[in-house]
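The analysis underlying the following values was restricted to heavy atoms, covering all of them including side chains, and did not include hydrogens, waters or symmetry mates. Remember, it's a predicted structure, so these values are computed and weren't measured experimentally.
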Amino acid sequence: MEKRAFRCLWLAQSISLLGDSLANYAVQATVVFRMHGTARDASVVLIAGLLPRVILGPVAGIAADHCGARRTMMAADLIRALLLTALVFAQGLVQYCAISFAIGSASAFFTPALAATIPNLVTAENLLRANARLQQSAHFARMASPVIAGALVTAGFEWTCYTADSLSFVASAALVGISVKHTPHITAPSRTPAKREPFANGVRAAIRNAQTRTAVFSMTIAVFSTGCFTALLPVFVRDSLRLGASAYGTLGTLLSAGTLAGSLFLSRYARKGHTEMWLHVGLSVVGVAILALAAMPVPFVAYPAFLLIGASAAAAMTASATLLQAAAPVEMRGRVAAVAASFTSLAQLAAIIGAAGIAAWVRVPAVYAFSGLLLLLPLVFRYFRQ
């Protein structure tokens, strides 16, 4: 592992993720509590930020492979820093949606470039541990940001969250420039007749290779199932567990603590060659835990189940990202990562939009049972493939 380069990239991600999480919570809190928006308004802002990841995936993957990951990440960071300053002056829901869409567009370019960069900074033996280290930063940011952002919005200082996020992206761009070596320009084959062809090559690379196909399929199912799980969590706590807001907060903390613990475990003990095992074990444990919640919606089952779900989900998502990076062709890592990002973002959108509609027709435990069974599908497919 190139320790200095990876540590700089890890620090860049840690800073920008904390700032980004602060801004996201500040936007949601502002829309709901300051603007007295409805749940639909909050969902529209979330969708506005996610939609570009689905639409711009093809272009983002090509940019990462053809223009260089370093250049793409620095440009995305600086654009996001500029856009964050506009949130300070945003007034209505339309403005928040427009700015969220623009920031999501820049993020759509950053994500595949980051995925293509990590294998260049670490050895194959340390790739799983490196991804787990990056996941730790994301989980820590999710744990710390709600309290900080909530206090600042309540005091009327939500602009400080946006300013901090803007500065974090400037710092991230500087650290990326220091840590990541310039990736040479990759020339498209002369037989390529159209700009769509390079991305088509990435789609074929993601589908034809057994490992990348497994990673994309597993990530898509995991994001959709866990998206339904988290979207309906407040209703599940109130109607099925028959608990209040304090218990909801406790369960959320257990979920976050589990994800952090799972990432810490992988970063310390994970070894090359066990990546696909961690993927299937993690998804299966999450599926069984959600099925247990659906069958026995009682507190003494819920508390350990949430801790287990968090740890296992972190292990599965880290393993799937590692599997994708290791198996993708070097010259198409950005495009393969963009394919995965498009599918997972689409799955997250479907979960946000569909979970509430499904729950209107059936009880939440039935939706949880369906989500748990979905998470067992990758293991079933692996069994029949072998």
Side-chain angles (χ1 to χ4, degrees), residues 53-54 57 111 115 127-128 131-132 135 138 202-232 255 258-259 262-263 265-266 270-295 305-306 308-328 333 336-352 354-355 358 366-386:
R53 299 175 185 268
V54 180
T111 302
L127 185 56
L128 182 59
N131 280 300
Q135 287 294 321
V203 173
R204 283 194 288 269
I207 294 175
R208 289 179 179 175
N209 184 281
Q211 288 185 317
T212 55
R213 184 170 62 245
T214 297
V216 172
F217 175 69
S218 301
M219 290 170 72
T220 303
I221 286 182
V223 169
F224 177 77
S225 299
T226 55
C228 291
F229 173 76
T230 54
L232 298 177
L255 199 64
T259 57
S263 297
F265 178 84
L266 280 187
R271 293 292 183 271
K272 182 186 176 183
H274 297 159
T275 305
E276 194 167 350
M277 178 200 74
W278 285 115
L279 170 61
H280 291 294
V281 168
L283 289 180
S284 300
V285 171
V286 174
V288 170
I290 293 178
L291 285 171
L293 284 173
F306 271 67
L308 192 61
I309 288 170
S312 302
M317 295 305 291
T318 303
S320 62
T322 304
L323 197 64
L324 199 69
Q325 293 164 353
R333 280 177 180 159
V336 172
V339 171
S342 294
F343 275 102
T344 54
S345 298
L346 187 61
Q348 193 171 359
L349 279 174
I352 293 173
I358 296 172
V367 180
Y368 277 14
F370 175 71
S371 299
L373 290 173
L374 272 182
L375 288 167
L376 299 178
L377 280 181
L379 185 63
V380 173
F381 285 146
R382 182 176 186 271
Y383 173 79
F384 283 107
R385 189 185 72 192
Q386 290 182 337

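R213 contributes atom CZ, which lies 12.5 Å from atom CG of L324 (distance to the nearest 0.5 angstrom). A distance of 13.5 Å separates CE of M317 from OG of S312, quoted to the nearest 0.5 Å. Interatomic distance, S371 OG to L376 CG, rounded to the nearest 0.5 Å: 11.0 Å.
Remark: the backbone N or O of G227 is paired with a side-chain donor or acceptor of T230 at under 3.5 angstrom.
When all heavy atoms of L374 and I221 are compared, the closest pair comes out as O-CG2, 3.4 Å. In this structure, A222 and L375 approach most closely via the heavy-atom pair CA-CD2, 3.7 Å. Residue S342 comes nearest to R53 through the heavy atom pair OG-O, 3.5 Å, listed as atom of the first residue, atom of the second, then distance. When every heavy atom of A369 is checked against every heavy atom of A294, the shortest pair comes out as N-CB, 3.7 Å. Taking all atoms of both residues into account, the shortest heavy-atom contact from A319 to L128 is CA-CD1, 3.8 Å. Listed here is the closest heavy atom pair of S320 and M219: OG-CG, 3.0 Å.
For F343, there are no ring-ring contact (aromatic ring centres under 6.0 Å, His included) partners two or more places apart in sequence or in a different chain. Among residues two or more places apart in sequence or in another chain, the side chain to side chain contact (heavy atoms under 4.5 Å, CB included) test is passed with A341 by none. A347 pairs by the side chain to side chain contact (heavy atoms under 4.5 Å, CB included) definition with T220, V223, F224, not counting sequence neighbours. For the side chain to side chain contact (heavy atoms under 4.5 Å, CB included) test, residues two or more places apart in sequence or in another chain that qualify with A132 are L266, S267, T318. Y368 pairs by the ring-ring contact (aromatic ring centres under 6.0 Å, His included) definition with F229, F236, not counting sequence neighbours.
Atom CZ of F370 has 12 or fewer neighbouring heavy atoms from other residues, nucleotides or ligands inside a 6.0 Å radius.
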Hey, can you pull the donor-acceptor pairs under 3.5 Å for the side chains in residues 282-292, sequence neighbours left out?
from : atom 1 : to   : atom 2 : distance (Å)
S284 : OG     : H280 : O      : 2.7

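Using a 4.5 Å cut-off on side-chain heavy atoms (C-beta onward), I309 and L293 make contact.
Just one residue in the list L127, N131, L279 forms a side chain to side chain contact (heavy atoms under 4.5 Å, CB included) with L323, and that residue is L279.
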